[in-house]
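Report on one structure; see the data block that follows.
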Amino acid sequence: MSIIKSLQDYLETFEGMDMQPLTVKTDMADKSASSYSIAPSGNGKINTDILGNKIYQNNYVFYAREAAADEIDRQENYDFLESFGEWLEEQNEDGNLPALPTGYTAEELRVSNIMLFDVNEDGTGLYQVQLQLEFRKERKAII
C-alpha cells in the first residue's frame, strides 16, 4: 500500500461527507457535485536523526467538488470544509493518524488554506484544503 492510498483510506473515515460510501479519488474529483479527491503537491526530506531515521513532509491538496450556484450552497460548503478541518485537527491532537505502509510512521497531519479554487459553468465549485503529512521512515537495522 502506498502513502497516498493510506491517506485516502484515512480521509474516507470522516463521516461528514455527502457521499456514502465515501470515495476519495486520486488527483481529480469527478465533474458532478459531492466528489472528492487528493492530489500530491510536493514533498521533501526535512530531517535525519542520529540513528539515520528520516523525517519527510508530503504536501497534498484535498479537493471537494460541490454545488456552488447560490449563497446557501456556498455557506454549506464552508460549514462542511470547516468541520473537515476541525476533524483533522482533532485526530492529529489525539494521535489518530493514518496507518502508513510498513517502515513509515505518521507523526503529524496539518491543515491549511481552506478555499474555493474554481467555479464551473454548471454551477459546481472546486474547493481545496491543503494538507501536510509529516512522517518518519525508519532506517533498516544493520546486523
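We're numbering straight along the sequence, starting at 1. Keep in mind the model is a prediction, meaning the values are calculated, not measured.
Listed by chain and residue number, W87 satisfy the ring pair (Phe, Tyr, Trp, His ring centres under 6.0 Å) test with Y10 (two or more places apart in sequence, or in another chain). A search for side chain to side chain donor-acceptor pair (under 3.5 Å) contacts involving N43 returns nothing, not counting sequence neighbours.
In the displayed structure, M28 atom CE is contacted under 6.0 Å by at most 12 heavy atoms of other residues, nucleotides or ligands. Within 6.0 Å of atom CD1 in I72, 12 or fewer heavy atoms from other residues, nucleotides or ligands are found, so the atom counts as exposed in its surroundings. Under a cut-off of 6.0 angstrom, the local environment of OH in Y78 is crowded, with over 12 non-hydrogen atoms contributed by other residues, nucleotides or ligands.
Side chains of T105 and L97 form no contact here, defined as non-hydrogen atoms less than 4.5 Å apart. Q91 has its side chain out of reach of T13: every pair of non-hydrogen atoms, C-beta onward, lies at least 4.5 Å apart. Put simply, the side chain of L7 does not reach to within 4.5 Å of the side chain of S2, judged on heavy atoms. Residues N92 and E108 meet the side-chain proximity criterion, which asks for heavy atoms closer than 4.5 Å. Counting heavy atoms from C-beta outward, I55 and E134 have side chains that approach closer than 4.5 Å.
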Do L131 and V111 pass the side-chain contact (heavy atoms from CB on, under 4.5 Å) test, and can you show the C-alpha distance, the side-chain angles, and the key distance before you say yes or no? CA-CA 5 Å; L131 306 173; V111 179; 4.0 Å; yes
Between Y60 and I3, is a side-chain contact (heavy atoms from CB on, under 4.5 Å) present by the stated rule, with each step listed? CA-CA 11 Å; Y60 298 94; I3 292 173; 3.6 Å; yes
Show your reasoning for whether side-chain contact (heavy atoms from CB on, under 4.5 Å) applies to M1 and Q8. CA-CA 11 Å; M1 179 183 304; Q8 286 170 303; over 6 Å; no
List the steps, then state whether side chain to side chain donor-acceptor pair (under 3.5 Å) holds for E66 with T124. CA-CA 5 Å; E66 297 288 354; T124 60; over 6 Å; no
Report the C-alpha distance between N59 and Q57 in whole Å, list the side-chain angles of each, state the deciding distance to 0.1 Å, and finish with yes or no for side-chain contact (heavy atoms from CB on, under 4.5 Å). CA-CA 6 Å; N59 300 307; Q57 178 176 301; 2.9 Å; yes
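Contact detail for D73 and A69: the closest heavy-atom pair is OD2-N, 3.9 Å. Summarising the geometry of L126 relative to A29, their closest heavy-atom pair is CD1-CB, 4.3 Å, with the distance given to 0.1 Å. Contact detail for A67 and N77: the closest heavy-atom pair is O-ND2, 2.8 Å. Shortest non-hydrogen contact noted between G125 and A68 is N-CB, 3.6 Å. Contact between A106 and P98 at its shortest, heavy atoms only, is CB-O, 3.6 Å.
For the salt bridge (charged side-chain N to carboxylate O under 4.0 Å, His left out) test with D49, the passing option among K137, K54, R136 is R136; the others fail.
Linking Ile, Leu, Val, Met, Phe, Trp and Tyr whenever their side-chain heavy atoms come within less than 4.5 Å leaves V61 and Y36 in two separate clusters.
Using modelled atom types and a 3.5 Å distance limit, the side chains of N58 and Y56 yield no donor-acceptor pair.
Annotation: F84 is in aromatic contact with F62 [ring centroid separation under 6.0 Å].
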